[in-house]
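Bear in mind the structure is a predicted one, so any value in this text is a computation, not a measurement. All values below were derived from every heavy atom in this structure, side-chain atoms included, with hydrogens, water molecules and symmetry-related copies excluded. Labels below follow one simple rule: chain letters A, B, ... track the order of the sequence lines, proteins then strands, and each chain is numbered from 1.
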Amino acid sequence: MAKTGISPTRSEDYPGWYQQIVRSADLAENSPVRGCMVIKPWGYALWENMQGVLDGMFKETGHENAYFPLFIPKSFLEKEAEHVEGFAKECAVVTHHRLEPGADGGLVPAGKLEEPLIVRPTSETIIGHMFAKWIESYRDLPLKINQWCNVVRWEMRVRLFLRTAEFLWQEGHTAHATKEEALDETRLMLDVYAKFAEEYMAMPVVKGEKTEGERFPGADMTLSIEAMMQDRKALQAGTSHFLGQNFSKAQEIKYQNAEGGESYAWTTSWGVSTRLVGALIMTHSDDDGLVLPPRLAPKHVVICPVIRKEEERAEVMEYCTSLAKELGEVLYDGKRVAVFVDDSDKRGGEKKWFHIKRGVPIRLEVGPRDIKNDSLFVGRRDQPKSFGMPRIEFVERVSEILEEMQQGLYDRALKLRMDNTQQINSFDDFKAFFTPKNEAKPEVHGGFAECYFVDCPETDALLVPLKVTPRCMPVDREVEPGVCIFTGKPTQTRGVFAKSY
RNA sequence: CGGGGUGUAGCGCAGUCUGGCUAGCGCACCUGGUUUGGGACCAGGGGGUCGAAGGUUCGAAUCCUUUCACCCCGACCA
């Protein structure tokens, strides 16, 4: 069948396809508030599953959750110079605390605040302030805190989940006695993110260090995980920052060491956001709709009763209910298989497409014919054709099938990345790699280019017209001497370059 | 903030140049019927102060003035 669930398709119009996926899968929609989205139940359930897994991983690595204020006094943000510069342009500012009736019948702000409050764009400053109070002795370290919250960054251009003015995230903040310990923490949390991305989202990532230009404002080192989307652009999916003593010095996060002297703590921060939902969509979904990795899918199996005559209803429904109960006892990935019966009065085809678009991994169709044979009609979201299978066999194998799907998604995504990653050794080849054949309406092109380079302003300047950025300098790779393809200088640094979101 | 564009039903649009019946169409929605192993069909129906304000006119979605909002391309985007 040529007809696709989603129009436009990926190759016709990738950004348009993305928007349609979000809409058709009922994940989120725009709100009356500029730049802010409404996350709908199906999208939020997905986020909740992500939260659940990550939260468990944070706790396993010794972190505790806490909550800090939404508002940050302006003076707090002013303490770390680079930090101010990085965020000042995109802050929402609260200046009043009351509304009064105005002349034209509307309301006007009144009660001007002595000091404006900033809606947090990130919480280093307010959390650092509290850390300074909580930390007195080396015995109070390390301090490892995480917060799940919303933040606001006044973006001019927004895309649902990928970049919105308000978004949900977690931000981890830790303080350590030594530099080495803080660096270990920074690396550890990057590993946690990479593990989550690969094992749960089925999304392969490149772990690496950011160049100076791409670094978090106020950090000494920023690590990130970078994933390739289906249009071959890179998406930064998580970051972990080593903040050195920049914030501890700005905020007086000091402790008394074992020798009795006073030392500044070493701090880190790390975060992932609802952008991961966007990453998930762009990694796996196809021209028929959303595709969810089973480990994060809010529902694994939907049972669609096929009822042709009213007399059949009771028997079919009873069969479906008992099947749902039986499947619900099966364990997948350490939890019960999430199964539900869709008894809405949609027609068969419409119902099928509804669940395809929403990415439910497995659809089961059960009608009188199947009941007679004690078999099921099984549709897998990763395969175009449905097939019959005895009920007993399906119940036995459901967990295995889900895991097979999970692995299949990862393998497919990894293949896409490998097929579109090239080692490039000259600037001419580099330009050719990133220049679309059709400038007016660029086709899907490029990918990840791995090149020797020197992180310097000359390099950055050459990248600007190509709209390419250094994504990261991969860690865990052997270092050999080479020549920078941009400046011709000798170097030992290799980077991954790509167009990005 | 610069350049371009668009505001008409929940969504997508036509109508505006050249003013004129009760403002239309597709999808969605509601009702009834026929259907139902795959995105149904037939019939009927509900839903609009045409972005806002002012003006011209016998008459404005349409012309004029002002204004607001949004979108696209730049710029910006830890």
- Task: Examine A:Lys352 relative to A:Phe354 and say whether NZ or CZ is less than 6.0 Å from the centre of the six-membered ring and inside a 45° cone about the ring axis.
- Result: no
- Query: A:Pro368 near the nucleic acid: base, sugar-phosphate alone, or nothing, with a heavy-atom cut-off under 4.0 Å?
  - Reply: base
- Item | Identity of whatever pairs with B:G19 - Watson-Crick or G-U, under 3.5 angstrom | none
- Task: Assert yes or no for the condition that the ring centre distance of A:Tyr14 to A:Tyr18 is strictly below 6.0 Å.
- Result: no
- A:Trp353 CH2 to B:G37 P: how many Å, rounded? 16 Å
- Task: Just call it for A:Phe354: base, sugar-phosphate, or nothing, with non-hydrogen atoms closer than 4.0 Å on any strand.
- Result: nothing
- Query: A:Arg347 CZ to B:U34 P: how many Å, rounded?
  - Reply: 14 Å
- Query: Taking the six-membered ring for Trp, are the ring centroids of A:Phe430 and A:Phe486 within less than 6.0 Å of each other?
  - Reply: yes
- Item | Spacing of the P atoms in B:A52 and B:C42 (rounded, Å) | 36 Å
- Could you work out the separation of B:G10 and B:C29 based on their C1' atoms and round it to a whole Å? 9 Å
- Take atom P in B:C13 and the same atom in B:C71, then report the distance between them in whole Å. 14 Å
- Under a 3.5 Å limit for both distances, which nucleotide forms a Watson-Crick or G-U wobble pair with B:A75, could you say? none
- Message: With a 4.0 Å cutoff (strictly under), does any side-chain N or O of A:Lys467 reach OP1 or OP2 of B:C76?
- Response: no
- Note on the structure: When both distances are under 3.5 Å in a Watson-Crick or G-U wobble arrangement, the nucleotide paired with B:G24 is B:C13
- Message: Please report the distance, rounded to the nearest Å, between CG in A:Asp13 and P in B:C72.
- Response: 12 Å
- Reckon A:Phe387 touches a base, only the sugar-phosphate, or nothing at all at heavy-atom distances under 4.0 Å? nothing
- Item | Minimum-distance nucleotide (side-chain atoms of A:Arg308 versus B:G37, B:G39, B:C11) | B:G37
- Query: What class does the angle between the rings of A:Phe242 and A:Trp266 fall in, given that below 30° is parallel, 30 to 60° is tilted and above 60° is perpendicular?
  - Reply: parallel
- Select base, sugar-phosphate, or nothing to describe what A:Gly367 touches, counting heavy atoms under 4.0 Å on all strands. base
- Message: Taking any heavy-atom pair under 4.0 Å as a contact, classify A:Arg159: base, sugar-phosphate, or nothing.
- Response: nothing
- Task: Please measure how far the P atom in B:U6 lies from the corresponding atom in B:G26, and state the result in whole Å.
- Result: 25 Å
- Message: Whether the A:Trp270 and A:Asn146 side chains hold a donor-acceptor pair (N or O, under 3.5 Å, no angle test) is what I'd like checked.
- Response: no
- Query: For atom C1', what is the distance between B:A9 and B:G74, given to the nearest Å?
  - Reply: 35 Å
- Message: Using the C1' atom as the point on both nucleotides, what is the distance between B:G55 and B:G46, in whole Å?
- Response: 36 Å
- Note on the structure: Between CG of A:Asn30 and C1' of B:C11 the distance, given in whole Å, is 13 Å
- Provide, to the nearest angstrom, the distance between the CG atom belonging to A:Asp345 and the C1' atom belonging to B:C30. 13 Å
- Message: What's the closest nucleotide to the side chain of A:Arg163 if the choices are B:G39, B:G37, B:C77?
- Response: B:C77
- Whole-Å distance, A:Arg363 CZ to B:G39 P, equals 13 Å
- Could you give the CH2-to-P distance, from A:Trp154 to B:C1, as a whole number of Å? 15 Å
- If each of A:Asp370 and A:Val464 is mapped to the nucleotide of RNA chain B with the nearest heavy atom, which maps nearer the 5' terminus, i.e. the 5' end? A:Asp370
- Note on the structure: B:C30 -> Watson-Crick or G-U wobble partner, both distances under 3.5 Å, gives B:G44
- Between A:Thr459 (side chain) and A:Val454 (backbone), is there a donor-acceptor pair under 3.5 Å? yes
- P spacing across the pair B:C64 / B:C25, given as an integer number of angstrom: 29 Å
- What's the CD-P distance between A:Glu350 and B:U36, to the nearest Å? 17 Å
- Sugar-phosphate only, base, or nothing, as touched by A:Arg215 at under 4.0 Å among non-hydrogen atoms: sugar-phosphate
- What integer number of Å spans the P atoms of B:G48 and B:A69? 26 Å
- Phosphate OP1/OP2 of B:G37 contacted by A:Arg369 side-chain N/O (<4.0 Å): no
- Taking a pair to mean Watson-Crick or G-U wobble geometry with both distances below 3.5 Å, B:G7 pairs with B:C68
- Query: Is the closest side-chain donor-acceptor distance between A:Tyr319 and A:Asp374 under 3.5 Å?
  - Reply: yes
- Query: Which residue lies toward the 5' end of RNA chain B, A:Thr222 or A:Gln19, if each is placed at its nearest nucleotide?
  - Reply: A:Gln19
